[in-house]
Amino acid sequence: MAKQVAVLAGDGIGPEIMAEAIKVLDKLKLDIKYKEADVGGAAIDKHGKALPQETIDACRESAAILFGAVGGPKWEKLPPEQQPERGALLPLRKIFDLYANLRPAKIFAPLADASTLRPDIIEGGLDLLIVRELTSGIYFGDPKGITEEEGFDTMRYKKHEVERIAKVAFEAARKRGKKVTSIDKANVLSTMVFWRNTVTEVHKKYPDIELSHMYVDNAAMQLVRNPKQFDVILAGNMFGDILSDEASMLTGSIGMLPSASIGEGGFGLYEPIHGSAPDIAGKGIANPLAQILSSAMLLRHSLNMESEARKIESAVEEVLNEGYRTGDIMSVGCQKVNCAEMGNLVSEKIG
Ligand code: IPM
Ligand code: MN
């Protein structure tokens, strides 16, 4: 029976880049049924909330979620918890227990000059993976609130929560450079002393992996000083949020980076790292590659289709090698293409 994938295109450039990802997936002629559902601002306009029940149901009956982007100026005046980002993304992560957020930051060789770092700092390629805990920590800890007098959030980690994300990091490192840097602030926060101890404990089962610990402030600095020292970076929810933005910018092409948020049993949500880019929405000029690469991650992690995932990734690399660029990654001597043209070029390379 065909597997189902829930397609949540969302707002801004979401629908444009999603159309290209589906175009590429269609070209692979997979036995997959795509079920579209509303999310984010589009869902607020149509159903009164960012994550309607029908959308949750569509996700629940699917093997994975392909997510576009949400948010835009139209919904910025709503209370924060009702806005597209917080109202849709955070509950989706929580409902489906998508605790493992994988954010690769990789320089595509033909785009190396787009990095903000000096060429010698990234020479030989930059390829790191941030493994961010996504369903606990200060984002979700109780109590949290605002009164006239104060605002407060609680940073809390349970043992099993740290253990399971540490395992994901060590397993990922095993398939890569065999190095994990665990990020904390153990010099100040009790939660982070606990984090460090627990990660160290889990590491005992992974003697083939090199583990080091780094304070988050130092890590922020090391990422721009010498990013190639990292292989897998393991971090809690908030530190991982911050460091993954920093890491993505090192590659110079945030429009290129996919991400995966995975739970137990292979279910996952796959989305570009970039946002809904309302300023260029509707113009047909967005870069669809992060969305296309997110669909490759979906095939790999949720549908066990490694060779199909690779086909997509190689197709993207070939198109870049041939010099085709959307506006955001344009450089001299390259051929500028729009969103749909980029989608066409990638799908032509497949099959
Ligand atoms: C991200 C985003 C979200 C987060 C926001 C939009 C809730 O920044 O996915 O990194 O902080 O997790
Ligand atoms: Mn973020």
Side-chain angles (χ1 to χ4, degrees), residues 8-14 17-18 39-44 49-51 55 59 64-105 128-141 144 151 153-157 161 165 168 183 216 219-220 223 233-251 253-263 268-278 281 290-291 293-294 297-298 301:
L8 278 49
D11 309 317
I13 59 169
I17 57 177
M18 187 63 85
V39 74
I44 296 176
K49 51 183 184 184
L51 185 65
T55 300
C59 295
I65 305 168
L66 189 58
F67 194 95
V70 293
K74 186 172 176 192
W75 307 283
E76 267 163 18
K77 296 209 175 62
L78 290 169
E81 64 282 359
Q82 287 173 33
Q83 286 180 20
E85 296 88 339
R86 268 185 68 183
L89 264 182
L90 296 189
L92 267 177
R93 291 170 182 172
K94 200 66 183 170
I95 293 168
F96 294 103
D97 198 21
L98 304 173
Y99 67 91
N101 186 211
L102 311 181
R103 296 188 165 182
L128 53 91
L129 173 69
I130 300 206
V131 176
R132 168 188 174 195
E133 199 290 325
L134 203 57
T135 51
S136 183
I138 197 165
Y139 271 53
F140 291 98
K144 60 165 74 221
D153 294 278
T154 304
M155 186 185 268
R156 181 187 296 269
Y157 265 111
E161 294 171 333
I165 195 69
V168 171
I183 306 302
V216 62
L223 264 175
I233 293 181
L234 164 64
N237 207 341
M238 186 165 64
F239 296 162
D241 177 47
I242 297 166
L243 294 182
S244 60
D245 264 37
E246 189 186 0
S248 68
M249 199 54 223
L250 303 181
T251 70
S253 33
I254 194 159
M256 297 290 306
L257 300 178
S259 74
S261 305
I262 306 176
L269 179 152
Y270 302 82
E271 60 176 325
I273 281 194
H274 63 70
S276 59
Q291 187 76 64
L293 291 168
S294 297
M297 284 190 102
L298 183 153
H301 294 286

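Quick note: residue numbers are just sequence positions, from 1. In each ligand, atom 1 is the first atom listed, and ligand 1 is the first ligand listed.
S259 contributes no side-chain N or O that, together with a main-chain N or O of R103, makes up a donor-acceptor pair within less than 3.5 Å. Between the side chain of Q83 and the backbone N or O of L78, at least one donor-acceptor pair lies under 3.5 Å.
Heavy atoms of E271 found under 4.0 angstrom from ligand 1: none, in either backbone or side chain. If you look at M238 next to ligand 1, there are no close heavy atoms at all, none under 4.0 Å. In R93, the part holding a heavy atom less than 4.0 Å from any atom of ligand 1 is the side chain.
By heavy-atom distance, the residue among D241, I273, N101, L90 lying nearest atom 7 (C) of ligand 1 is L90.
Among protein heavy atoms, the minimum distance from atom 4 (C) of ligand 1 is reached at Y139 OH, 3.4 Å. The protein atom (non-hydrogen) at minimum distance from atom 6 (C) of ligand 1 is E85 CB, 3.5 Å. In terms of protein heavy-atom proximity, atom 1 (C) of ligand 1 is nearest to R103 NH2, 3.3 Å.
Rounded to the nearest 0.5 angstrom, Y139 OH and M238 CE are separated by 8.0 Å. Interatomic distance, L92 CG to E271 CD, rounded to the nearest 0.5 Å: 9.0 Å. Between the CG atom of L134 and the OG atom of S261 there is a distance of 5.0 Å, given to the nearest 0.5 Å.
Side-chain contact between C59 and I95: absent, with no pair of heavy atoms (C-beta onward) separated by less than 4.5 Å.
Between E246 and S248, the side chains place no donor N or O within less than 3.5 Å of an acceptor N or O (distance only, hydrogens not considered).
For the pair Q83 and ligand 1, no heavy-atom separation below 4.0 Å is found.
Residue contacts to the Mn ion (ligand 2): D245 brings no N, O or S atom closer than 2.8 Å.
With respect to the Mn ion (ligand 2), D241 has OD1 as its nearest N, O or S atom.
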